[in-house]
Asks: 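The following block contains the structure, expressed as structure tokens.
Chain identifiers are assigned alphabetically (A, B, ...) following the order of the sequence lines, protein sequences preceding nucleic acid strands; residue numbering begins at 1 within each chain. On a predicted model such as this, the values are computed, not experimentally measured, just so you know.
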There are 2 protein chains.
Amino acid sequence: MYQNKPRMQRMTKQRRVILEILRSTDIHPTADWIYAKAREIIPDISLGTVYRNLGILKAQGEIAELNYGSTYSRYDGNPHPHYHHVCLECGRIADLPMPVRQDLEEEARAKGCGSVLYHRLEFYGLCPQCQRKREKEG
Amino acid sequence: MYQNKPRMQRMTKQRRVILEILRSTDIHPTADWIYAKAREIIPDISLGTVYRNLGILKAQGEIAELNYGSTYSRYDGNPHPHYHHVCLECGRIADLPMPVRQDLEEEARAKGCGSVLYHRLEFYGLCPQCQRKREKEG
DNA sequence: GTAGTTGCAAACTTTTTGCTACCCA
DNA sequence: TGGGTAGCAAAAAGTTTGCAACTAC
């Protein structure tokens, strides 16, 4: 939705350290946490560099970002459980008319990672409009 | 994770309008969009009021907020598809060792809401640590 | 050598909050 | 009438960006 994509990449010390930090933990850290860790190794690394590299690594598919694809929240007037389709092109979010699968929660509970009160499921792809537009443009 | 929860609630004109706007659309709008719509009805409503009421309505379970429960992004060093468990108490995010269900994508595609390239599934509840803590505290 | 990258700092965006006046129950 | 709520504006929090110096290839 917003990202820089230079043509060629360089493996700088900063980028390598950020990637190593991210690969050596499973806590799904925030940019700030990564920044603090990185400073233990490169004391004068800047937060801007951390963000820039996270963006590049994400664009390369080396890492994943856990959010809704945007910096702001969206609100849903329907508080009952249901699934969503999110368009990667225009950001449109649509309700999906498919039944909520309670059996997924059973399966998750069985893994012993804690209690499960509810779940959320989102499908990412192109909405019908953007699909059509892409076909026309080739 | 952060929210105001007054004991008693009043149904003000502002709150009613915000709720009506949210219930009368299916585009899953942002706070700003709701603010613009609300101003057509209550010209001097403020953005702060919109945010405050969205928070209250959410706490009451009248509406839902579509984000990760926090304002910042989290990063995952593992870019391969997998599911997460999010703790509602401490915010911890854990990887779930369960297989990715491609059949869910098939089902979603069949609904005709667009193409589906991948999906995301998160389970919300208490992590083992917070579960134990709650048991001890009664 | 050169184009991508860095640190720094300022800017930007979204959301929260302090305060006083207000108004719903 | 009292306490939750509104508007306003300033602050906070997270993220992005312009720029000159630097560096990996």
Side-chain angles (χ1 to χ4, degrees), chain A residues 1-22 28-60 62-75 91, chain B residues 1-22 28-60 62-75 91:
Chain A
M1 216 85 75
Y2 57 87
Q3 210 48 74
N4 40 352
K5 251 188 200 178
R7 333 192 176 160
M8 224 205 294
Q9 312 285 358
R10 278 184 204 170
M11 184 49 71
T12 60
K13 184 170 51 157
Q14 288 84 345
R15 190 165 303 161
R16 178 165 36 246
V17 164
I18 290 168
L19 188 52
E20 276 167 10
I21 289 172
L22 214 31
H28 308 79
T30 63
D32 220 61
W33 187 93
I34 297 166
Y35 174 51
K37 279 282 174 193
R39 282 221 287 186
E40 292 173 10
I41 299 163
I42 309 172
D44 68 342
I45 193 174
S46 74
L47 186 55
T49 294
V50 172
Y51 274 107
R52 263 187 298 238
N53 277 300
L54 287 173
I56 291 169
L57 290 169
K58 180 184 157 196
Q60 288 178 197
E62 298 281 353
I63 66 172
E65 185 178 1
L66 305 184
N67 72 2
Y68 242 84
S70 57
T71 46
Y72 43 78
S73 282
R74 281 164 165 275
Y75 294 87
Chain B
M1 217 85 74
Y2 56 87
Q3 210 50 76
N4 38 353
K5 255 189 200 175
R7 333 187 176 162
M8 223 207 293
Q9 310 287 355
R10 279 184 202 169
M11 184 47 72
T12 60
K13 184 171 52 156
Q14 288 83 348
R15 190 166 304 162
R16 178 164 38 246
V17 165
I18 290 169
L19 189 51
E20 277 166 10
I21 288 172
L22 213 32
H28 307 79
T30 63
D32 219 61
W33 188 92
I34 297 167
Y35 173 53
K37 278 282 174 192
R39 284 221 286 187
E40 293 174 8
I41 300 163
I42 308 173
D44 68 343
I45 194 174
S46 75
L47 186 55
T49 293
V50 171
Y51 273 107
R52 260 187 299 239
N53 277 299
L54 287 172
I56 291 170
L57 290 169
K58 179 185 159 197
Q60 290 179 194
E62 298 281 353
I63 66 172
E65 185 178 1
L66 305 184
N67 71 2
Y68 244 85
S70 57
T71 45
Y72 42 76
S73 282
R74 281 163 165 276
Y75 294 87

Asks: If you check the T49(B) side chain, which of dA6(D), dG4(D), dT5(C) turns out closest?
Replies: dA6(D)

Asks: Please examine the side chains of D32(B) and L47(B), heavy atoms only from C-beta on, and report whether any two atoms are closer than 4.5 Å.
Replies: yes

Asks: For the side chain of Y72(A), starting at C-beta, report the closest nucleotide among dG7(C), dT14(C), dA3(C).
Replies: dT14(C)

Asks: Would the distance check show the side chain of R39(B) and the main-chain N or O of D44(B) forming a donor-acceptor pair, the cut-off being under 3.5 Å?
Replies: no

Asks: What closest approach, in Å, do P29(B) and L22(B) show between heavy atoms, and which atom pair accounts for it?
Replies: CG-CD1, 3.7 Å

Asks: How do Y75(B) and L47(B) order along DNA chain D: which one's closest nucleotide is nearer the 5' end?
Replies: L47(B)

Asks: Verify the distance criterion only: is there a donor paired with an acceptor across the side chains of Q14(B) and T49(B) at less than 3.5 Å?
Replies: no

Asks: Measure from CZ on R16(B) to C1' on dC24(C) and round the result to the nearest Å.
Replies: 10 Å

Asks: Nearest to the side chain of Y51(A), which nucleotide is it out of dT16(D), dA6(D), dT6(C)?
Replies: dT16(D)

Asks: Is a side-chain donor or acceptor of R74(B) paired with a backbone partner of T30(A) at a separation under 3.5 angstrom?
Replies: no

Asks: Starting at atom CD of Q14(A), determine the distance to atom P of dG4(C), rounded to an integer number of angstrom.
Replies: 17 Å

Asks: Taking the side chain as everything from C-beta on, heavy atoms only, tell me whether Y75(B) gets closer than 4.5 Å to I34(A).
Replies: yes

Asks: Send over the distance from M11(A) CE to dT6(C) P, rounded to a whole Å.
Replies: 10 Å

Asks: Check whether R15(A) reaches the backbone of R10(A) with its side chain - one donor and one acceptor, N or O, closer than 3.5 Å.
Replies: yes

Asks: Taking only the side-chain nitrogens and oxygens of Q9(B), find out if one of them lies under 4.0 Å from OP1 or OP2 of dT5(D).
Replies: yes

Asks: Rounded to whole Å, how long is the line connecting atom CG of N53(B) with atom P of dC24(C)?
Replies: 13 Å

Asks: Please determine whether a side-chain nitrogen or oxygen atom of N67(B) lies at a distance below 4.0 Å from atom OP1 or OP2 of dT14(C).
Replies: no

Asks: Tell me which residues in residues 29-44 of chain B put a heavy atom below 4.0 Å from DNA chain D, sorted by number, or none.
Replies: D44(B)

Asks: How long is the straight-line distance from CG of N53(A) back to CG of L19(A), given to the nearest 0.5 Å?
Replies: 9.5 Å

Asks: Check whether any side-chain nitrogen or oxygen of R15(B) sits under 4.0 Å from OP1 or OP2 of dT5(D), and answer yes or no.
Replies: yes

Asks: Between I45(B) (CD1) and dA9(D) (P), how many Å, whole number?
Replies: 16 Å

Asks: With a cut-off of less than 4.0 Å, is there a side-chain N or O of S46(A) near OP1 or OP2 of dC8(C)?
Replies: no

Asks: In whole angstroms, how far is the P atom of dA6(D) from the NZ atom of K13(B)?
Replies: 11 Å

Asks: Would you give the length of the straight line joining atom CZ of R16(B) to atom CD1 of I42(B), rounded to the nearest 0.5 angstrom?
Replies: 9.0 Å

Asks: May I have the distance from R10(A) (atom CZ) to dG1(C) (atom P), rounded to whole angstrom?
Replies: 14 Å

Asks: Within the sub-3.5 Å range, which N or O atoms of nucleotides 18-21 of chain C have a protein N or O partner, and how far apart are they?
Replies:
from    : atom 1 : to     : atom 2 : distance (Å)
dG18(C) : O6     : R52(B) : NH1    : 3.3

Asks: Taking the nucleotide of DNA chain C with the nearest heavy atom to each, does T12(B) or G48(B) sit closer to the 5' end?
Replies: G48(B)

Asks: Take the protein atom CD of E65(B) and the nucleotide atom C1' of dT14(C), then report the distance between them rounded to whole Å.
Replies: 12 Å

Asks: For residues V50(B) and A31(B), report the shortest heavy-atom separation together with the two atoms involved.
Replies: CG1-O, 3.9 Å

